[in-house]
Each structure stands twice: as C-alpha cells, then as structure tokens.
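Below is one structure, written out as structure tokens; comments come after it.
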Amino acid sequence: MISFNFYSPEQKISLPDWQKKSVHVSIKRDDLIHPFISGNKWRKLKFNIQAALAQNKNHLVTFGGAWSNHILATACAGATFGLKTTAFLRADIGINNPVLAMCRLFGMELIYTDRSAYKNKSALFETHFHQNPDAYFIDEGGHGPLGSQGCEEIVSSLLDTYDHIFCACGTGTTLAGIQHAVSTSGLATQVHGIPVLKGGDFIQDEIQKIHPNASPVTLHTDYHFGGYAKTKPELIQFIEQFVSRTGIMIEPTYTGKLFFALDDLIAQDYFKTNARILVIHTGGLTGFLGMYERFNLDLGQ
C-alpha cells in the first residue's frame with residue numbers, strides 16, 4: 001500500500017448574491033491535496049499506482065496534451081514513489097512550456113505523438129512497451145474503473161451531508177466515482193456534472209461503461225464556452241471576480257466553468273431555499289499558465 005497523507009477540507013463560502021438566494025455552498029478543497037499531485041489527479045492515480053505495484057511494475061506510462069495536469073501529477077507521483085514515468089504527448093515535436101519542463105524535472109520521459117497516432121493509445125503502448133514487463137498503462141486523465149474508485153473516496157471522506165454535489169467533467173471518471181459512492185451509500189444527494197466539452201451528454205454513457213446500471217446524473221451542458229480549453233470574455237471576467245473576492249484560485253478549462261455554472265444556476269433560482277451545495281474543486285491550477293495572457297490583468301506602468 002502506498003502512503004500519501006493530505007488535507008482536503010470542506011470550506012464554506014458565501015458571496016453576496018448567493019446569500020440573497022438563501023443557498024449554502026461549500027467547496028471540497030481537493031486542490032489543497034498537493035501542489036502537483038492535486039485534486040482528482042491524485043484520486044485517479046491512487047489505485048492505478050497500487051495496481052502497478054501489486055503487479056511488480058515500476059514504470060507508469062500515460063497520455064495527455066501539452067498542458068496536461070494529469071501528466072504533471074503522474075510525473076510527480078512517480079518521483080515521489082520511486083517509479084519511472086513516460087507520457088505520450090499529443091503535441092508537435094519541440095513544443096515546450098512550464099508544465100512540460102516540470103515533468104522533465106520530475107524525471108518523466110516525453111514521447112511526442114501526432115494526433116492521428118494518439119487516437120489509438122493501446123497501439124502506442126503496445127508498439128513502444130510490448131517487450132517491457134515493467135510498464136503499466138494508465139489511460140489519459142486516469143480514466144477508467146480504478147480512477148473512478150479513487151474518486152469514490154471523495155464522498156466517503158465528507159464530514160457533512162449535502163443536497164447537491166457539483167463537479168466539472170471531461171471524461172466522466174470523477175463523476176462516475178462520486179455518483180457510485182452516493183448511490184451505494186444510500187444518500188439522497190443529487191450529483192451534477194458540468195461538461196467542459198461540446199456535446200457533453202456523452203458523459204452519461206461513459207459513466208455507464210464504468211458502472212453499468214448507474215443512476216443518471218444531472219448534466220448541465222451549456223457551460224462549455226465553445227469546447228475544451230475554449231473561453232469567452234464573460235468566463236474570463238467571472239474568474240477574475242471570483243478569485244479576487246474569495247482568494248480561491250480557479251482556471252478556465254475546468255473549475256472556472258464549474259463555478260460559472262453554479263453561479264448562473266443560483267441566479268436562475270434553480271435551487272430550493274436553504275439548499276446545501278458542495279462543489280468539488282478538482283485542482284489542475286497549473287492550467288492557468290497556458291491561458292494567463294487571456295486575462296485583463298493590470299500590469300502597471
């Protein structure tokens with residue numbers, strides 16, 4: 001068993017407009033788990049790493065884009081637990097940025113891969129590592145049953161009960177774990193997902209693949225702002241205001257869209273009076289580095 005102690009409190013937060021609507025919002029601060037192995041990134045890696053060690057494998061092989069928080073988390077986790085790491089990078093050869101530089105610093109090997117080849121991750125793994133008995137496959141973002149199992153612990157760790165739980169979603173793995181834990185615990189909590197990609201209804205199918213016969217979640221599919229890693233001025237403005245008013249950092253790809261959606265739903269009187277709402281802060285804050293130039297920040301003279 002791997003040992004990794006961390007702190008993830010449930011923090012109450014109240015903005016004036018939310019107070020007027022008489023709703024009670026708390027944030028599950030998974031962003032505080034670790035500077036680099038943060039949020040659902042650690043949740044989705046935990047049981048994958050345990051499985052690798054149980055199979056006597058010491059080389060984690062995974063996948064992601066040039067600003068992938070999952071790749072960075074895997075690189076740091078490998079260094080932390082004494083494991084070799086490699087990532088297939090969906091990017092043109094030679095692309096570099098602060099996230100990739102940190103991955104290399106943690107000892108990760110990066111294999112640049114064109115988008116066509118990247119579509120078949122199993123084939124990539126087989127081509128490069130079929131003769132390496134130490135290599136362990138981890139899907140992009142930690143997607144899959146073991147990733148979902150780690151995310152179930154979000155629910156089991158809660159100190160309070162809630163009417164609603166909100167989470168941003170890309171592959172649906174985190175949402176699947178939360179929904180499964182809520183169902184098996186017999187809770188009456190409604191689970192909500194904010195897809196960050198266009199056509200986010202596919203998340204329901206992804207949850208079913210991980211947990212067949214899972215109860216449907218509520219998906220709010222109108223907050224993608226054009227698609228994955230896409231933004232619009234109103235999202236940027238909201239993030240600027242939220243961060244400056246709360247001291248809680250969020251970013252445009254996942255958590256910014258999540259809190260924008262919550263704020264909009266509160267404004268529309270979506271919730272009953274005195275509803276208790278939990279928002280899962282899934283970390284991934286280094287994603288801000290790839291988008292900071294889109295913010296209207298005063299640089300002074």
Side-chain angles (χ1 to χ4, degrees), residues 4-34 38-44 46-47 145 147-169 172-195 203-204 206-208 210-220 223 242 246-248 250 254-255 257-284:
F4 187 66
N5 296 321
F6 59 83
Y7 181 56
S8 175
E10 294 157 58
Q11 178 182 342
K12 294 181 179 179
I13 179 174
S14 183
L15 296 176
D17 289 342
W18 297 358
Q19 288 180 332
K20 293 176 183 177
K21 298 293 185 176
S22 299
V23 295
H24 307 283
V25 179
S26 295
I27 303 175
K28 179 63 170 168
R29 296 294 306 273
D30 268 14
D31 57 310
L32 300 180
I33 286 176
H34 188 277
S38 73
N40 63 345
K41 288 68 181 168
W42 166 246
R43 306 279 190 187
K44 292 189 283 187
K46 176 181 176 179
F47 288 102
S148 175
Q149 183 181 350
C151 294
E152 290 185 37
E153 295 185 342
I154 295 173
V155 176
S156 62
S157 70
L158 296 179
L159 301 177
D160 212 337
T161 56
Y162 300 91
D163 302 307
H164 305 271
I165 295 180
F166 274 76
C167 180
C169 46
T173 301
T174 302
L175 203 62
I178 292 172
Q179 175 67 349
H180 189 253
V182 166
S183 296
T184 56
S185 300
L187 299 174
T189 307
Q190 179 61 47
V191 178
H192 302 255
I194 308 300
I203 295 291
Q204 295 281 15
E206 292 300 314
I207 293 174
Q208 289 292 323
I210 296 173
H211 295 294
N213 303 315
S215 301
V217 299
T218 299
L219 295 176
H220 304 271
Y223 298 100
F242 182 89
T246 65
I248 299 172
I250 57 177
Y254 286 96
T255 51
K257 295 178 181 180
L258 169 66
F259 281 97
F260 184 101
L262 175 67
D263 185 72
D264 189 53
L265 291 170
I266 291 174
Q268 294 179 39
D269 295 317
Y270 180 87
F271 304 100
K272 294 180 179 179
T273 301
N274 292 321
R276 297 169 57 82
I277 305 162
L278 179 70
V279 188
I280 310 299
H281 194 314
T282 51

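For clarity, every value in this text was computed on a predicted model and none was experimentally measured. Just so it is clear, the values below take in all heavy atoms, side chains as well, and ignore hydrogens, waters and symmetry mates.
Under the side-chain hydrogen bond (donor to acceptor under 3.5 Å, both in side chains) criterion, N213 pairs with no residue at all, not counting sequence neighbours. Taking E206 as the reference, K209 meet the salt bridge (charged side-chain N to carboxylate O under 4.0 Å, His left out) condition, with sequence neighbours excluded. For D160, the side-chain hydrogen bond (donor to acceptor under 3.5 Å, both in side chains) criterion is met by R276, not counting sequence neighbours. Under the side-chain contact (heavy atoms from CB on, under 4.5 Å) criterion, K28 pairs with S8, E10, D30, R43, I154, S157, L158, L278, I280, not counting sequence neighbours.
Nearest approach of I33 to G39, heavy atoms of both residues: CD1-O, 3.8 Å. Here the closest heavy-atom approach between residue G172 and residue I207 is recorded as O-CG1, 4.0 Å. For T282 against C167, the heavy-atom pair with the smallest separation is CG2-SG, 4.1 Å. In terms of heavy atoms, G193 sits closest to L175 at CA-CD2, 3.7 Å. Listed here is the closest heavy atom pair of I194 and A261: CD1-CB, 3.6 Å.
To the nearest 0.5 angstrom, K21 atom NZ is 14.0 Å from N274 atom CG. Put simply, CZ on F271 and NE2 on H164 are 5.5 Å apart, with the number rounded to the nearest 0.5 Å. How far OG1 of T173 is from NZ of K44: 5.5 Å, rounded to the nearest 0.5 Å. For the atom pair CG (D31) and CG (N40), the distance works out to 11.0 Å, reported to the nearest 0.5 Å. The line from NE2 of H220 to CZ of F260 is 14.0 Å long, rounded to the nearest 0.5 Å. Between atom OG1 of residue T255 and atom CD1 of residue I248 there is a gap of 10.5 Å, rounded to the nearest 0.5 Å.
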Residues 11-18, side-chain donor-acceptor partners within the protein, below 3.5 Å, at least two apart:
| from | atom 1 | to | atom 2 | distance (Å) |
| --- | --- | --- | --- | --- |
| Q11 | OE1 | R29 | NH1 | 2.6 |
| S14 | OG | Q19 | NE2 | 3.0 |
| W18 | NE1 | D263 | OD1 | 2.8 |

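Looking at Q149, its side chain never comes within 3.5 Å of a backbone N or O of G177 through a donor-acceptor pair. Looking only at distances, no side-chain donor or acceptor of Q204 sits under 3.5 Å from a matching main-chain atom of P216. T189 places a side-chain N or O within donor-acceptor distance of the main-chain N or O of Y162, the cut-off being under 3.5 Å.
Ring geometry, H192 versus F166: the interplanar angle falls under 30°, so the pair is classed parallel (tilted spans 30 to 60°).
With no hydrogens or angles considered, a side-chain donor-acceptor pair links S148 and H211 at under 3.5 Å.
Here salt bridge (Lys or Arg N to Asp or Glu O under 4.0 Å) pairs that include residues 175-191, with residues two or more places apart or in two chains, number zero.
Judged by the 6.0 Å distance and 45° axis criteria, K41 is positioned over the aromatic ring of Y254.
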Problem set entry | Test side-chain contact (heavy atoms from CB on, under 4.5 Å) applied to H180 and S183, step by step | CA-CA 5 Å; H180 189 253; S183 296; 5.8 Å; no
Exercise. What do the steps show when you test I165 against Q179 for side-chain contact (heavy atoms from CB on, under 4.5 Å), and what is the final call?
Worked result: CA-CA 9 Å; I165 295 180; Q179 175 67 349; over 6 Å; no
